[in-house]
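Take a look at the structure below.
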Amino acid sequence: FSFAQYNGGSGTQADPYQISTVQNLLDFSESVCAGNSYENVYFQLQNDIDLSVLERKNEKFSPIGIYNNWNDMKPFRGIFDGQGFMIKNLNLELPNQNHVALFGVVAGGIVRNLRVENAKVEGHHYVGILVGNVMQNGRIENCEVSGSVVGTRTVGGVAGMVYQGGQIFESYNFSKVYGHRDVGGIAGMVDEESRIVHSVNGGKILGTKFSVGGIAGLVKYKSIIEECINYGDIQSTAGSVGGVSGCAESKSNINTSLNTGLVVSSGNNVGGICGYVSLSDVEHCFNAGVVQSEGQCVGGIVGYSGDFSSLLYSVNCADVKGKEYQGAILGFSGNTRVYVCASDTQMCLLDNGIGKGMSDGDSILYFSTKDLSNEGLKSYLGTAYWTYDLNSYPMISSLQESLIAQSAMFPLQLSLSENVANVEKQFSTKLLHQDLSTDSRLTAIYANEDSTVLLAKGQDTLFLQRENVVY
């Protein structure tokens, strides 16, 4: 195969191939799909590229890399550095095709420092905006996507699948993600010793079947989610739904992660952090998102947890509503090890930590908002993973630089005779932007289409507004 011609460079680390035009990107895609994997070859994006010009010319962009089966794939194996530039208006409408994304398959390669803005991606299985499948120790680093992505199975904002030691670091999804099963804000599925680390989802997630999560839909076989934040709202018409992961199984681990998004489902096994856990562990996590389900097994941290699983050192400070087997921490326990988990009794109206399967014992701690936000948990959670401040909930140490995490840690302070059911304060995003964005009391603000966060001096009060729930 002959290598495509680019706008300069020789492909070495010191002199990478330069991508600066739409035609360069088309040639690059065609070359990889022809069988040039570019293993250990370097590329750099030199400027923003707007792909909307293709629609005006009635031309189409094809994913970079092909995967037909294990013995018939043409992946990208090189190093692509976006240098902080963006690819705008990617349009891939391939509803019957698998591995649909800007990069169809990245195997052992690296994509970093790239933004994909206002994308519209539709595929069947393994669908994402940036990568369909990142596998064989391939890596995504410091990337950001926005727009919308639609698929049937294994659908994610950044990547459809993270597989065989694949890794996603410090990446962000602001797109709306729609799928049937294995649907997540960062990735649809994380499998075979793969990882997502220090990544954030702010997009809406909608699933119609099961395994739907803010960061990942399904996490399995010794895979890890750590130091991640979800603040996007999650909705599913089926079960196994969680603020961070829908399902974790087969010796996987979810740790040091935060959810502030609304988690709503009409099915079973729904949790603020993870919906369904089997042979896996959830530890050092914090949920501040309301959890609502019309089904069974609904928990502030985990909905259902089976045998040989652990739920450790985690905190819930949001309300939980389910049909049956609902707990402030865990909905249903099937011989799960639960140790040092705490609930805010004014924010969560349930008086039981575990809905069914075992007694609370000494494993569940109950605190008022005031006690929970004044170092009340320091002697229980310790200082290895948590930091503490007056008038603040315990903060996961590795997330303390995040504005979203900082805002979520400042509670709505109620008198001891009150709880969240009595609070009826109305704020609108429009008014916040117009009237309070210049208020001298304002120390931090974050907003998307459906939620607003305001942190004000004095009482350190946090106000959240969402479509159906208002604090």
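Along the sequence shown, the residues carry numbers beginning at 1.
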Evaluate ring-ring contact (aromatic ring centres under 6.0 Å, His included) for Phe43 paired with Tyr6, printing each intermediate quantity in order.
CA-CA 10 Å; Phe43 292 80; Tyr6 303 108; 5.4 Å; yes

For [Y], does its backbone N or O pair with a side-chain atom of [X] as donor and acceptor, under 3.5 Å?
{"X": "Ser236", "Y": "Ala238", "value": "yes"}
{"X": "Asn230", "Y": "Val244", "value": "no"}
{"X": "Ser29", "Y": "Ser62", "value": "yes"}
{"X": "Asn201", "Y": "Ile186", "value": "no"}
{"X": "Ser175", "Y": "Ser146", "value": "no"}
{"X": "Asn69", "Y": "Asp72", "value": "yes"}
{"X": "Asn269", "Y": "Tyr304", "value": "no"}
{"X": "Tyr393", "Y": "Tyr388", "value": "no"}
{"X": "Ser240", "Y": "Ser211", "value": "no"}
{"X": "Ser194", "Y": "Gly166", "value": "yes"}

Establish, yes or no, whether a centroid distance under 6.0 Å links the rings of Phe28 and Phe76.
yes

Compute the ring centroids of Tyr42 and Phe80, then answer whether they are less than 6.0 Å apart.
no

Examine the side chains of [X] and [Y] and answer whether a donor and an acceptor come within less than 3.5 Å of each other.
{"X": "His284", "Y": "Thr256", "result": "no"}
{"X": "Ser373", "Y": "Asn391", "result": "no"}
{"X": "Tyr38", "Y": "Ser31", "result": "yes"}
{"X": "Asn91", "Y": "Glu55", "result": "yes"}
{"X": "Thr21", "Y": "Asn24", "result": "yes"}
{"X": "Asn253", "Y": "Asn255", "result": "yes"}

What heavy-atom pair brings [X] and [Y] nearest, and what distance separates the two atoms?
{"X": "Ala248", "Y": "Ile254", "answer": "CB-CD1, 4.0 Å"}
{"X": "Val302", "Y": "Gly275", "answer": "CG1-O, 4.3 Å"}
{"X": "Ser309", "Y": "Val277", "answer": "OG-CG1, 3.7 Å"}
{"X": "Cys33", "Y": "Gly65", "answer": "SG-N, 3.6 Å"}
{"X": "Ile225", "Y": "Ala216", "answer": "CD1-CB, 4.2 Å"}
{"X": "Leu92", "Y": "Pro63", "answer": "CD2-CD, 4.1 Å"}

Steps toward side-chain contact (heavy atoms from CB on, under 4.5 Å) verdict (Met409, Gln400)
CA-CA 10 Å; Met409 294 306 104; Gln400 61 184 328; over 6 Å; no

Steps toward side-chain contact (heavy atoms from CB on, under 4.5 Å) verdict (His124, Gln97)
CA-CA 5 Å; His124 189 42; Gln97 184 172 317; 5.9 Å; no

Less than 4.0 angstrom from a charged side-chain N to a carboxylate O is my criterion; do [X] and [Y] meet it?
{"X": "Glu141", "Y": "Arg139", "result": "yes"}
{"X": "Lys222", "Y": "Glu192", "result": "no"}
{"X": "Asp182", "Y": "Arg153", "result": "yes"}

Any chance [atom1] of [X] has more than 12 other-residue heavy atoms, nucleotides or ligands included, within less than 6.0 Å?
{"X": "Asn58", "atom1": "CG", "result": "no"}
{"X": "Gln83", "atom1": "CD", "result": "yes"}
{"X": "Phe85", "atom1": "CZ", "result": "yes"}

Heavy atoms, side chains only, cut-off 4.5 Å: are [X] and [Y] in contact?
{"X": "Tyr178", "Y": "Lys204", "result": "no"}
{"X": "Asn68", "Y": "Met73", "result": "no"}
{"X": "Ile140", "Y": "Val158", "result": "yes"}
{"X": "Ile196", "Y": "Ile215", "result": "yes"}
{"X": "Gln167", "Y": "Val162", "result": "no"}
{"X": "Met135", "Y": "Tyr67", "result": "yes"}
{"X": "Ser171", "Y": "Asn142", "result": "no"}
{"X": "Ser305", "Y": "Leu311", "result": "no"}

[atom1]-[atom2] distance between [X] and [Y], expressed to the nearest 0.5 angstrom:
{"X": "Thr208", "Y": "Gln235", "atom1": "OG1", "atom2": "CD", "answer": "11.0 Å"}
{"X": "Tyr17", "Y": "Thr12", "atom1": "OH", "atom2": "OG1", "answer": "9.0 Å"}
{"X": "Ile329", "Y": "Asn316", "atom1": "CD1", "atom2": "CG", "answer": "5.5 Å"}
{"X": "Lys120", "Y": "Lys176", "atom1": "NZ", "atom2": "NZ", "answer": "13.0 Å"}
{"X": "Ile229", "Y": "Ser257", "atom1": "CD1", "atom2": "OG", "answer": "8.5 Å"}
{"X": "Met161", "Y": "His99", "atom1": "CE", "atom2": "NE2", "answer": "8.0 Å"}

Apply side-chain contact (heavy atoms from CB on, under 4.5 Å) to Val263 and Gln292, showing your working.
CA-CA 6 Å; Val263 181; Gln292 300 176 345; over 6 Å; no

Test side-chain contact (heavy atoms from CB on, under 4.5 Å) on Ile301 and Val282 and set out the steps.
CA-CA 9 Å; Ile301 302 296; Val282 175; 4.2 Å; yes

Under the side-chain contact (heavy atoms from CB on, under 4.5 Å) test against [X], which residue among [options] passes?
{"X": "Ser20", "options": "Ile49, Leu25, Asn7, Leu45", "value": "Asn7"}
{"X": "Asp50", "options": "Ile87, Leu90, Asn89", "value": "Asn89"}
{"X": "Asp81", "options": "Leu114, Ile19, Asn113", "value": "Asn113"}

Test ring-ring contact (aromatic ring centres under 6.0 Å, His included) on Tyr385 and Tyr313; report intermediate values, then the result.
CA-CA 9 Å; Tyr385 295 91; Tyr313 303 104; 8.2 Å; no

What's the verdict on side-chain hydrogen bond (donor to acceptor under 3.5 Å, both in side chains) for His125 and Thr154, showing C-alpha distance, side-chain angles and the deciding distance?
CA-CA 6 Å; His125 293 173; Thr154 319; over 6 Å; no

